[in-house]
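Quick notes on the structure that follows.
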Amino acid sequence: MSLEDGIFEQRAARVKEIEALGFKPYGKRFDYTHTIPEILAAYGDKTAEELVPPPPAPEAVRVRIAARIQTVRRMGKAAFMHVQQNGAKLQFYIKKDAISEQDYALFNLLDIGDIIGADGYLFRTRTGELSLHVEKLEFLSKILLPMPEKFHGLEDVETRYRQRYLDLISNPESRDVFVTRAKVISSIRRQLEERGFIEVETPMMQTVYGGAAARPFVTHHNTLDVDLYLRIAPELYLKRLIVGGLERVYEINRNFRNEGVSTRHNPEFTMVEFYQAYTDYKGLMDFTEEMLRQIALDSTGGAVVPYGDLQLDFGNVRRLTMREAVVEFWEGDGRPTLDDVRNPEWLLANTHKATPGEALGHLFEVHAEKKLQQPTIIYEFPIEVSPLANNSPDDPAMVDRFEIFVAGMEIGNAYTELNNPMEQRRRFDSQLQMRDRGDDEAHQMDEDYLRAMSFGMPPTGGEGLGIDRLVMLMSNRQSIRDVILFPLLRPEGEIGMADRLRRLDA
RNA sequence: GGGCGCGUAGCUCAACUGGCAGAGCAACUGACUCUUAAUCAGUAGGUUGUAGGUUCGAUUCCUACCGCGCUCACCA
């Protein structure tokens with residue numbers, strides 16, 4: 001028998017002993033008076049005398065707490081434990097004299113990782129630590145498996161992703177990441193709501209997919225007997241809503257793209273997309289700068305955010321055209337001039353791409369993208385890589401579009417929406433040609449979208465922000481998997497837990 | 001998909017050039033009524049990711065596979 005099995009069976013036996021003592025080892029309501037963070041906030045700076053006035057102490061602070069046991073230091077007939085709740089920890093002091101015989105028997109059956117409730121009063125130990133003097137114990141849930149090591153926590157990356165619950169229990173900094181994530185999302189929501197945007201939900205299963213250049217996942221609906229695509233973007237549906245007169249809409253949810261995984265890509269990822277009628281991409285640039293700065297403030301407390309070796313300044317966003325960026329960040333010999341990168345022949349001669357616009361986009365990715373460390377807006381994109389954006393009034397090769405780059409990552413994409421159905425039809429047709437040339441990420445024809453646009457779509461600005469990447473920046477994480485609770489992994493194979501539990505019943 | 005690296009007790013890690021697979025934490029027994037990575041004495045715990053191969057002998061060398069990480073490619 002392995003050690004782990006031994007602990008498992010021994011603890012299962014303890015469940016019965018705990019029951020025999022009159023406690024319910026699982027599933028009992030427990031109305032606590034304070035969470036541990038609340039206790040630390042309210043009493044963290046109180047002195048020993050303030051907590052327990054001398055001598056007999058009728059006015060001591062009595063509280064009732066639920067928490068998970070983190071460490072235990074037993075010393076004969078007394079013990080100290082650290083327990084944690086909501087990412088904060090508190091010390092419990094348990095003395096045989098101070099609790100009932102039944103509770104002391106329970107205490108002797110407790111394991112690190114058990115969830116317990118306690119009544120008692122707050123005091124300071126001889127060394128000055130705020131602690132709970134336990135007077136009554138309650139049992140709330142049993143741990144059967146051994147906890148990770150208390151000092152190092154759970155380090156194994158794979159286990160941290162697969163068993164995120166363990167990661168969250170044993171690594172406070174991992175918990176902090178997801179708290180930051182929640183702050184980023186609520187900051188975005190609040191800012192959009194304040195500006196009159198309403199939140200909507202559009203289909204994630206679509207018969208025609210679009211709104212981005214990507215390959216989709218395919219699934220199947222049985223009774224309708226149709227294949228459906230998991231959406232690669234909500235864009236085309238949100239713009240249908242703009243046609244319908246929902247003039248400021250946003251959606252925060254998942255997109256699915258059937259591509260490789262990396263430190264910056266997970267096949268399902270979260271975006272916020274928002275659309276505002278009667279504005280354009282310049283209006284969105286101003287809004288975006290404000291929003292990024294506010295997200296940084298709301299989630300980290302400052303506009304300057306540490307990221308690896310960098311200090312990212314979200315209070316100061318640079319703006320460059322794509323052509324300027326290619327010229328400025330050109331690597332190696334033969335740096336082009338602005339006239340070169342405007343010249344279709346030069347562009348085609350310097351890449352293997354089929355069109356000047358794809359060529360410019362490629363040169364930008366190769367030379368400039370990873371050098372954009374501080375928050376930077378890149379604007380004026382080639383028409384060929386922007387099938388849904390409106391033409392620039394003064395340059396037929398370009399569209400009114402920008403992207404935001406931080407730490408070499410694209411975190412946002414916005415443009416003045418194309419609202420002319422005749423031009424949109426031509427763009428779809430040229431996407432179909434790219435598809436015929438073997439580009440399986442080019443857009444499909446979406447006739448209902450053309451129909452919607454034919455009812456008249458107001459001039460509109462639209463934008464998408466990658467939430468996961470934003471959270472990476474705000475929480476100083478280098479891998480997208482660190483900011484997604486359950487990132488996609490290959491299946492792990494036999495776990496054997498059901499069998500183990502089955503044996504306990506036998 | 002290519003390249004590089006990693007996989008040893010529940011967890012965190014050792015094991016020299018191929019020569020008895022070890023420690024700390026966790027667990028168990030005992031001592032201890034203000035400890036804090038508690039301490040002290042003792043006990044138990046291993047298919048070294050899997051399957052082959054080389055060898056008198058493999059955690060160590062070789063091959064394949066599985067899983068994870070980094071990186072390049074692909075990709076917003």
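In what follows, every chain begins at residue 1, and chains take the letters A, B, ... in the order their sequences are listed.
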Nearest-Å distance for atom pair [atom1]/[atom2], residues [X] and [N]:
{"X": "A:I480", "N": "B:rC70", "atom1": "CD1", "atom2": "C1'", "answer": "16 Å"}
{"X": "A:H133", "N": "B:rU33", "atom1": "NE2", "atom2": "P", "answer": "15 Å"}
{"X": "A:L132", "N": "B:rU35", "atom1": "CG", "atom2": "C1'", "answer": "15 Å"}
{"X": "A:R73", "N": "B:rA26", "atom1": "CZ", "atom2": "P", "answer": "11 Å"}
{"X": "A:K77", "N": "B:rU35", "atom1": "NZ", "atom2": "P", "answer": "17 Å"}
{"X": "A:N108", "N": "B:rU33", "atom1": "CG", "atom2": "P", "answer": "13 Å"}
{"X": "A:E494", "N": "B:rC66", "atom1": "CD", "atom2": "P", "answer": "17 Å"}
{"X": "A:F151", "N": "B:rC25", "atom1": "CZ", "atom2": "P", "answer": "12 Å"}

Counting the atoms with a prime plus P, OP1 and OP2 as sugar-phosphate, which does [X] contact under 4.0 Å by heavy atoms, base, sugar-phosphate, or nothing?
{"X": "A:A98", "result": "nothing"}
{"X": "A:K95", "result": "base"}
{"X": "A:R481", "result": "sugar-phosphate"}
{"X": "A:R500", "result": "nothing"}
{"X": "A:L489", "result": "sugar-phosphate"}
{"X": "A:E492", "result": "nothing"}
{"X": "A:T263", "result": "sugar-phosphate"}
{"X": "A:R215", "result": "nothing"}

Q | Closest listed nucleotide, where the reference is the side chain of A:I112 and the choices are B:rG69, B:rA27, B:rA38 | A |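 For A:I112, the side-chain atoms sit closest to B:rA27.
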Q.
Can you tell me which nucleotide in B:rG67, B:rA26, B:rA37 comes closest to the side chain of A:E158?
A.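 Closest nucleotide to the A:E158 side chain: B:rG67.
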(Q) Under the rule for salt bridge (Lys or Arg N to Asp or Glu O under 4.0 Å), what residues qualify as partners of A:R164, not counting sequence neighbours? (A)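 If we apply the salt bridge (Lys or Arg N to Asp or Glu O under 4.0 Å) test to A:R164, skipping adjacent residues, the hits are A:D167.
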Q: Only counting residues at least two apart or in another chain, list the ones meeting salt bridge (Lys or Arg N to Asp or Glu O under 4.0 Å) with A:R73.
A: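 If we apply the salt bridge (Lys or Arg N to Asp or Glu O under 4.0 Å) test to A:R73, skipping adjacent residues, there are no hits.
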Q) Can the ring centroids of A:F287 and A:F274 be said to lie less than 6.0 angstrom from one another? A)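 Yes, ring centres under 6.0 Å apart.
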Q | Test: A:R319 cationic atom under 6.0 Å from A:F402 six-membered ring centre, within 45° of axis | A |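 Judged by the rule (NZ or CZ under 6.0 Å from the ring centre, within 45° of its axis), A:R319 is not positioned above A:F402.
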**Q.** Helical stems, RNA chain B - three or more consecutive Watson-Crick or G-U wobble pairs below 3.5 Å
**A.**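 Listed by first number, the stems are B:1-7 with B:66-72, B:10-13 with B:22-25, B:27-31 with B:39-43, B:49-53 with B:61-65.
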Within the side chain of [X], is there an N or O that forms a donor-acceptor pair under 3.5 Å with the backbone of [Y]?
{"X": "A:D468", "Y": "A:T270", "result": "yes"}
{"X": "A:Q444", "Y": "A:Y209", "result": "yes"}
{"X": "A:E463", "Y": "A:A414", "result": "no"}
{"X": "A:N390", "Y": "A:T416", "result": "no"}
{"X": "A:Q102", "Y": "A:L21", "result": "yes"}

Q.
The criterion is side chain to side chain contact (heavy atoms under 4.5 Å, CB included); which residues satisfy it with A:V317, sequence neighbours excluded?
A.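 For A:V317 the side chain to side chain contact (heavy atoms under 4.5 Å, CB included) partners, ignoring immediate neighbours, are A:E289, A:P375, A:I377.
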Q. How would you list, by chain and number, every residue that makes a side chain to side chain contact (heavy atoms under 4.5 Å, CB included) with A:S392, sequence neighbours excluded?
A.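 Here the qualifying residues are A:D394, A:D395, A:M398, A:D400.
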Give me the distance, rounded to whole Å, that separates [N] from [M] when you measure between the [atom1] atoms they each carry.
{"N": "B:rC13", "M": "B:rA26", "atom1": "C1'", "result": "14 Å"}
{"N": "B:rG69", "M": "B:rC61", "atom1": "C1'", "result": "24 Å"}
{"N": "B:rA9", "M": "B:rG5", "atom1": "C1'", "result": "24 Å"}
{"N": "B:rU8", "M": "B:rG49", "atom1": "C1'", "result": "10 Å"}
{"N": "B:rU50", "M": "B:rU59", "atom1": "P", "result": "11 Å"}
{"N": "B:rA31", "M": "B:rU35", "atom1": "C1'", "result": "16 Å"}

Sub-4.0 Å heavy-atom contacts from [range] onto RNA chain B, ordered by number:
{"range": "residues 160-172 of chain A", "value": "A:Y161, A:R162"}
{"range": "residues 116-126 of chain A", "value": "A:F123, A:T125, A:R126"}
{"range": "residues 79-92 of chain A", "value": "A:F80, A:H82, A:Q91"}
{"range": "residues 364-384 of chain A", "value": "A:F381"}

Q: Could you go through the salt bridge (charged side-chain N to carboxylate O under 4.0 Å, His left out) check for A:R62 and A:E135 one step at a time?
A: CA-CA 10 Å; A:R62 297 207 128 67; A:E135 297 175 308; 2.8 Å; yes
Q: With RNA chain B as reference, determine whether A:G260 or A:P491 sits nearer its 5' end, using the nearest nucleotide of each.
A: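 Closer to the 5' end of RNA chain B: A:P491.
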**Q.** Whichever of A:R74 and A:H265 has its nearest RNA chain B nucleotide further upstream toward 5'
**A.**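 Nearer the 5' end of the strand: A:R74.
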What class does the angle between the rings of [X] and [Y] fall in, given that below 30° is parallel, 30 to 60° is tilted and above 60° is perpendicular?
{"X": "A:F428", "Y": "A:H443", "value": "tilted"}
{"X": "A:Y379", "Y": "A:Y281", "value": "tilted"}
{"X": "A:Y93", "Y": "A:F123", "value": "tilted"}

Q | A:R401 and A:S386: side chain donor to acceptor below 3.5 Å | A |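 Present: a donor and an acceptor within the cut-off.
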Q | Any side-chain donor near an acceptor of the partner, A:H82 and A:E129, under 3.5 Å | A |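 A:H82 vs A:E129: donor-acceptor pair found between side chains.
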Q) Among all residues two or more places apart in sequence or in another chain, which pass the ring-ring contact (aromatic ring centres under 6.0 Å, His included) test with A:F269? A)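 ring-ring contact (aromatic ring centres under 6.0 Å, His included) list for A:F269, sorted by chain: empty.
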Q) A:R264 side chain N/O closer than 4.0 Å to the phosphate oxygens (OP1, OP2) of B:rU71? A)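 It does not, given that no N or O in the side chain of A:R264 lies less than 4.0 Å from OP1 or OP2 of B:rU71.
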Q. Which pair of non-hydrogen atoms, one from A:A79 and one from A:R74, has the smallest distance, and what is that distance?
A.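 Taking A:A79 first and A:R74 second, the nearest heavy atoms are CB-CA, 3.8 Å.
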**Q.** From OG (A:S174) to CD1 (A:I169), nearest 0.5 Å
**A.**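 That separation rounds to 11.0 Å.
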Q. Which residues satisfy the side chain to side chain donor-acceptor pair (under 3.5 Å) test with A:R162, sequence neighbours excluded?
A.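 A:E158.
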Q) Just by protein heavy atoms under 4.0 Å, how would nucleotides 1-11 of chain B read 5' to 3' in B, S and -? A) ---------BB
